[in-house]
Amino acid sequence: MKKRFLALLIDYIVIWIYLILLFLLFAAIYILFFDSIPAFDETTSHLMSLFTTVLPATLVFSYMEYRYPYQTFGKRRMGLEVTYESPSYWYSLLRNAMKFLPWHIGHTGVIRAMYNDYSVLWFMVGNIGFLLAVIYILMVLFGKHFKHIPDMIAGKSVRERGIKINET
């Protein structure tokens with residue numbers, strides 16, 4: 001599923017553009033209203049990470065994959081679509097929450113290490129997110145049905161638009 005991997009890369013480019021715009025917005029707010037970057041505690045940093053990056057991406061991608069034409073930006077560009085055994089926004093939300101979980105785990109490890117210590121434990125937590133993302137990608141590229149764990153749990157398939165793929 002080379003197309004699916006390329007779709008993933010396109011989606012991550014879109015996310016990076018969002019993150020750059022978010023950074024520029026916050027930088028402008030800090031310069032205009034605070035004259036510097038305010039000091040945040042660990043809890044505030046975790047909440048900002050969750051509510052400005054992971055949660056918006058999860059909600060937007062869930063909505064895009066649930067509503068016609070069942071495609072994220074990358075899937076649309078690559079001519080792919082998402083199909084569910086039982087179409088439901090909740091399945092789409094579950095799938096995308098699990099899909100973005102490695103990103104959130106990575107944030108948690110890095111933020112925790114920044115505010116406490118750069119111990120081996122928090123280094124490992126951050127890398128668990130990275131390892132999980134690599135497992136997802138390898139499952140899509142080399143797995144029997146080209147599905148990763150979130151796909152299997154949500155009962156989802158990615159296929160070329162208009163083509164029925166036999167899953168057996």
Side-chain angles (χ1 to χ4, degrees), residues 1-29 45-111 125-168:
M1 281 299 259
K2 180 180 174 185
K3 283 186 172 187
R4 186 160 179 202
F5 182 71
L6 293 174
L8 172 73
L9 291 178
I10 293 167
D11 287 340
Y12 276 108
I13 290 169
V14 170
I15 290 170
W16 271 104
I17 291 169
Y18 166 73
L19 294 174
I20 291 167
L21 293 174
L22 187 66
F23 170 79
L24 294 173
L25 173 68
F26 275 100
I29 290 170
S45 295
H46 281 293
L47 292 173
M48 283 184 62
S49 166
L50 176 64
F51 288 112
T52 62
T53 60
V54 179
L55 188 61
T58 300
L59 294 174
V60 167
F61 279 72
S62 297
Y63 182 79
M64 291 177 75
E65 290 182 351
Y66 171 67
R67 302 293 295 180
Y68 182 81
Y70 316 110
Q71 301 165 311
T72 61
F73 303 102
K75 288 179 185 73
R76 183 174 301 140
R77 179 75 174 117
M78 298 310 301
L80 302 172
E81 68 181 352
V82 176
T83 61
Y84 290 91
E85 291 170 11
S86 301
S88 161
Y89 179 74
W90 298 112
Y91 283 120
S92 181
L93 185 61
L94 172 65
R95 177 188 176 271
N96 280 285
M98 291 184 64
K99 186 172 75 172
F100 288 110
L101 181 63
W103 190 19
H104 187 62
I105 292 171
H107 283 173
T108 300
V110 169
I111 291 168
V125 168
N127 281 306
I128 287 170
F130 177 76
L131 179 62
L132 188 55
V134 169
I135 289 169
Y136 287 177
I137 291 168
L138 292 175
M139 288 178 77
V140 167
L141 290 175
F142 303 110
K144 181 178 179 185
H145 297 294
F146 307 106
K147 292 182 173 188
H148 52 54
I149 296 165
D151 292 342
M152 290 183 241
I153 290 174
K156 183 208 115 332
S157 296
V158 175
R159 65 181 187 191
E160 290 201 40
R161 188 138 177 86
I163 296 175
K164 178 70 176 154
I165 296 176
N166 186 0
E167 297 269 338
T168 59

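The first residue in the sequence is number 1, and the count goes up from there. Owing to the predicted nature of the structure, the values given are computational and were not obtained by experimental measurement.
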Task: Heavy-atom side-chain contact between M78 and R4 under 4.5 Å - done: no
Open item on the list: Nearest 0.5 angstrom please: I111 CD1 to L47 CG, how far?
Closed with: 9.0 Å
Open item on the list: Nearest 0.5 angstrom please: L94 CG to T58 OG1, how far?
Closed with: 11.0 Å
- [ ] For residues L9 and L6, determine if any side-chain heavy atom of one lies less than 4.5 Å from a side-chain heavy atom of the other.
- [x] yes
TODO: Answer yes or no: is there a side-chain heavy-atom contact under 4.5 Å between M139 and M152?
DONE: yes
TODO: Taking the side chain as every heavy atom from C-beta outward, state whether V14 and Y18 have any atom pair closer than 4.5 Å.
DONE: no
Open item on the list: Return the OG to NE2 distance between S45 and H107, rounded to the nearest 0.5 Å.
Closed with: 11.5 Å
Open item on the list: Is it the case that over 12 heavy atoms from other parts of the model lie below 6.0 angstrom from the OH atom of Y91?
Closed with: no
Task: For Y66, ring pair (Phe, Tyr, Trp, His ring centres under 6.0 Å) partners two or more places apart - done: Y89
Open item on the list: Closer than 3.5 angstrom, by distance alone: can the side chain of N96 be matched with the main-chain N or O of L93 as a donor-acceptor pair?
Closed with: no
- [ ] Using a 4.5 Å cut-off on heavy atoms from C-beta on, say whether the side chain of R159 contacts that of E81.
- [x] yes
Open item on the list: To the nearest 0.5 Å, what is the distance between CG on L59 and CZ on F100?
Closed with: 10.0 Å
Open item on the list: For P56 versus T53, what's the shortest heavy-atom pair and its separation?
Closed with: CD-O, 3.4 Å
- [ ] Could you list the residues that satisfy ring pair (Phe, Tyr, Trp, His ring centres under 6.0 Å) with F26, not counting sequence neighbours?
- [x] Y30
Open item on the list: Applying side-chain contact (heavy atoms from CB on, under 4.5 Å) to M64 and Q71, what does each step give before you reach the verdict?
Closed with: CA-CA 6 Å; M64 291 177 75; Q71 301 165 311; over 6 Å; no
Task: Side-chain ion pair, E65 and K99, N-O less than 4.0 Å - done: yes
Open item on the list: Would you say that H46 contacts T108 through its side chain, given a criterion of any heavy-atom pair below 4.5 Å between the two side chains?
Closed with: yes
Task: Intermediate values then yes/no, side-chain contact (heavy atoms from CB on, under 4.5 Å), Y63 and T72 - done: CA-CA 9 Å; Y63 182 79; T72 61; over 6 Å; no
TODO: For side-chain contact (heavy atoms from CB on, under 4.5 Å), just list the numbers for I13 and F73, CA-CA rounded to whole Å, side-chain angles, deciding distance to a tenth of an Å, and then say yes or no.
DONE: CA-CA 10 Å; I13 290 169; F73 303 102; over 6 Å; no
- [ ] Give a yes or no on whether R77 atom CZ has more than 12 heavy-atom contacts from other residues, nucleotides or ligands under 6.0 Å away.
- [x] no
Task: For the student: nearest non-hydrogen atoms of G129 and P102, plus distance - done: O-CB, 3.0 Å
Open item on the list: Would you compute the distance between atom CG of L24 and atom CD1 of I20 and round it to the nearest 0.5 angstrom?
Closed with: 7.5 Å
Open item on the list: Please give me the minimum heavy-atom distance between L22 and T52, naming the atom from each residue.
Closed with: CD2-O, 3.4 Å
Task: Smallest separation among heavy atoms of R95 and P150, with atom names - done: O-CB, 3.5 Å
Task: Test log, rule side-chain contact (heavy atoms from CB on, under 4.5 Å), inputs I149 and Y136 - done: CA-CA 7 Å; I149 296 165; Y136 287 177; 4.1 Å; yes
Open item on the list: I want to check something: taking the side chain as every heavy atom from C-beta on, are H148 and I135 in contact at a cut-off of under 4.5 Å?
Closed with: no
Task: Side chain proximity check, L21 to L25, heavy atoms < 4.5 angstrom - done: no
Open item on the list: Under the rule for ring pair (Phe, Tyr, Trp, His ring centres under 6.0 Å), what residues qualify as partners of Y68, not counting sequence neighbours?
Closed with: Y70
Open item on the list: Just verifying a value: how many Å separate I10 CD1 and I15 CD1, rounded to the nearest 0.5 Å?
Closed with: 12.5 Å
Open item on the list: Could you report the tightest heavy-atom contact between A7 and L80, atom names first, then the distance?
Closed with: CB-CD1, 4.2 Å
